[in-house]
**Student:** 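Encoded as structure tokens, here's the structure I'll be asking about.
Residue numbers start from 1 in every chain, and the chains themselves are labelled A, B, ... in the order their sequence lines are given, proteins ahead of strands.
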2 protein chains.
Amino acid sequence: MDPHLLRTFVAVVRHGSFSAAARQLGYTQSAVSQHIAALETDLGTTLLHRRPVGPTKAGDRLLEHAAPLLLRLDAARADVLRVAGTPPGRLELAMTPLAATPRVAEALAGARRSAPGLQVGVRVEGRQAVVTGVVAGEYTLGLVEGVAAPSDPLRLSEAGNLTHVAVAEEPLAVLLPDDHPLARRAGLRLGDLVDARWIDAPDVAAPLPDLRAAAQSDAPRPSLRYDGTDVTALVTLVAAGHGLAIAPRRVTAGVPGVRAVPLTLPRLVHRTEALHGHDPGPAAAALAAALAFQARP
Amino acid sequence: MDPHLLRTFVAVVRHGSFSAAARQLGYTQSAVSQHIAALETDLGTTLLHRRPVGPTKAGDRLLEHAAPLLLRLDAARADVLRVAGTPPGRLELAMTPLAATPRVAEALAGARRSAPGLQVGVRVEGRQAVVTGVVAGEYTLGLVEGVAAPSDPLRLSEAGNLTHVAVAEEPLAVLLPDDHPLARRAGLRLGDLVDARWIDAPDVAAPLPDLRAAAQSDAPRPSLRYDGTDVTALVTLVAAGHGLAIAPRRVTAGVPGVRAVPLTLPRLVHRTEALHGHDPGPAAAALAAALAFQARP
DNA sequence: TTATCTTACGAGAACCGTAATGATG
DNA sequence: CATCATTACGGTTCTCGTAAGATAA
């Protein structure tokens, strides 16, 4: 099970075609065919059915393992190179949209002041992309956020051996249009809203699956999905009555037509964490330290 | 970064010798030397210093990744073979010592009744060995236990994409010798026992590191380490005054000279979970279902 | 010297591309 | 028949073992 074979396997599945995978990988169709044949012989099973090309049951299982495996392989290489290579005067910072707070900007400014020559790159992406990028060593530091029970760490998949540092915990609020019947309440329970329509905006609000897990029900069902990374767009959608969302209250600041009502049950917070690999270099370490907050017991 | 190279790398580090690793792997010393050289050239760093042989800093980082990587590779193969190969009439059950309860034995008996020809193998091991074995497909079903907050899942490292099924939650008790000043209390808090001497018996009682994590202090410090898997031995050690331990109260049943006082704070339970890969076959699935309990909300 | 790692070199295997063959819609 | 996967074949590269060389205890 050579990683190369696995890589072509996932490429074939993704493209649904041997030839397309070959093009992407810079191989001939023949080579791809031989790769798949090698895998299938090795495992003694057929992994793909052809015409149309798609994974068999066994192939599905392999696929589920292959991607994380390749990711960890990259992570290993990146991790070794990190301690070996000259610690670069660069800081590549990636974060999810809601993690971009003034506090982060200030801490970053502080880091630049104390290391004048520092090259800094900042990037805003979805949560998964941030985690993957940090694991693969593409970014030196990542800021991700999500919902969790108070002082619980975020449950990040594939965040293998990254270091977590708690950066912030904020109360969550239900975002409703101004004229919503519940908009004047002092607090809301998720149970009050089982029949509501929700906007699923995984990158820019509390992801609905996380809420369902926390609420131990399948209550919040999406009526609209928003895939961008622009917070204002989401808030505008809420104001227009497309559905509700749950996010830290601050996102509604300055936007008319929307109210943020504190979420009282389940007891969840919006938590931000900094992620980095082993020894991310002095700049990233200093930044992470500056961002770290003391979790209240 | 061929897996073969990684495998020889970890073997070399483990043995502290190229030649020993070569013997174990069925290679020549030369081949091992070439493997390491290949890795070092590929990564552009020295991974080992020689005479004596040991990992460099970069090598340490690689080592940390290599073992899980190889494990997951085996897991992938096992997982594919599991769905491919004929579902065998075998059930290989592995469990940690405290998971071996009458309830498990009964459920196993039930599984054998409903599948008369079933070949069953049972094995008791340490927690890590059980998890590793299930991941690698060596066992069809694993039962592991540990301490956790009520209705929280166990935090298992390297349990990647295994299915967890809650099997039992039991209250925890502090095990003390009969003549201990606190032995007559109705309940004990961990804070009452900061100065006590503890027995660290990771396989057969609540592992001290888990307790420290839960208590958010470094309080329970070990005075004696017990590495066996025999519960009675631990209880006997407690009775003899070698130190305290935390375990489900039932382990003291019938043993004189020991008392089990309920642990009231932190609020922790002894939790048992069944682990299996995707589609472990009908026998294991039935057994897991029979063991599953309804977690109280 | 002795145990041990490294290097040189050659036989065999593995790998990928070209090109011919086969299968499917 | 056109598209796409498979198979046959050959040159190149890799890999490992043998054997000789280097190096530290």
**Student:** So B:Leu143 and B:Leu93, do their side chains get closer than 4.5 Å, heavy atoms only?
**Tutor:**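 B:Leu93 vs B:Leu143: side chains touch.
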**Student:** Nearest whole angstrom, please: distance from the P of D:dT6 to the CD1 of A:Ile36.
**Tutor:**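 That distance rounds to 9 Å.
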**Student:** Any idea which of C:dC5, D:dT18, D:dT6 is nearest the B:Val53 side chain?
**Tutor:**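 That would be C:dC5.
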**Student:** Let's see if you can work this out: which of C:dG17, D:dT6, C:dC5 has an atom nearest to the side-chain heavy atoms of B:Ser17?
**Tutor:** C:dC5
**Student:** Any heavy-atom pair between the side chains of A:Phe9 and A:Leu48 that's under 4.5 Å?
**Tutor:** yes
**Student:** Return the value, rounded to whole Å, for the distance between atom CZ of A:Arg7 and atom P of C:dC15.
**Tutor:**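 Interatomic distance, CZ of A:Arg7 to P of C:dC15: 16 Å.
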**Student:** Counting only side-chain N and O atoms of B:Ser33, is one of them less than 4.0 Å from OP1 or OP2 of C:dT6?
**Tutor:**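 So the side-chain polar atoms of B:Ser33 do come within 4.0 Å of the phosphate oxygens OP1 or OP2 of C:dT6, strictly under.
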**Student:** Atom CZ of B:Phe18 to atom C1' of D:dA22: distance rounded to whole Å?
**Tutor:**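 In whole Å, D:dA22 C1' and B:Phe18 CZ are 15 Å from each other.
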**Student:** For the side chain of A:Gln24 and the backbone of A:Ala11, is there at least one donor-acceptor N/O pair under 3.5 Å apart?
**Tutor:**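 A pair under 3.5 Å: no.
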**Student:** A:Thr140 versus A:Leu287: any side-chain heavy-atom pair under 4.5 Å?
**Tutor:**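 SC-SC contact between A:Thr140 and A:Leu287 ruled out.
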**Student:** What does A:Gly26 touch in the nucleic acid at a heavy-atom separation under 4.0 angstrom: a base, only the sugar-phosphate, or nothing?
**Tutor:**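 Sugar-phosphate contact only - A:Gly26 comes under 4.0 Å of backbone atoms but never of a base.
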**Student:** Measure from the side chain of B:Ala31, starting at C-beta and using heavy atoms only, and say which of D:dC16, C:dC16, C:dC5 lies closest.
**Tutor:** D:dC16
**Student:** Is there a side-chain polar atom (N or O) of A:His35 under 4.0 Å from OP1 or OP2 of C:dC16?
**Tutor:** yes
**Student:** Expressed as a whole number of angstroms, how long is the span from B:His15:NE2 to C:dC5:P?
**Tutor:**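 The distance from NE2 of B:His15 to P of C:dC5 comes to 12 Å, rounded to the nearest Å.
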**Student:** Round to a whole Å and report the spacing from CZ of A:Arg23 to C1' of D:dC4.
**Tutor:**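 It is 11 Å, rounded to the nearest whole Å.
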**Student:** Looking only at the side chain of B:Ser19 (C-beta and beyond, no hydrogens), which of the listed nucleotides D:dT6, C:dT7, C:dT4 gets closest?
**Tutor:**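 That would be C:dT4.
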**Student:** How close or far is atom C1' of C:dG17 from atom CG of A:Leu25, stated in whole angstroms?
**Tutor:** 15 Å
**Student:** For B:Arg50 and D:dA25, give me the distance from atom CZ to atom C1', rounded to whole Å.
**Tutor:** 18 Å
**Student:** Between A:Glu40 and A:Leu47, what is the shortest heavy-atom contact and its length?
**Tutor:**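 In terms of heavy atoms, the two residues are closest at OE2-N, 2.7 Å.
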**Student:** Without decimals, in angstroms, what is the distance between B:Leu48 CG and C:dC5 P?
**Tutor:** 10 Å
**Student:** If you go through the side-chain atoms of A:Ser30, does one of them form a donor-acceptor pair with the base of D:dT6 closer than 3.5 Å?
**Tutor:**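 Checked by distance alone, the answer is no.
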**Student:** For A:His49, which contact category applies under a 4.0 Å heavy-atom criterion: base, sugar-phosphate, or nothing?
**Tutor:** nothing
**Student:** Hey, is the side chain of B:Gln34 pairing donor to acceptor with the base of D:dG17 inside 3.5 Å?
**Tutor:** yes
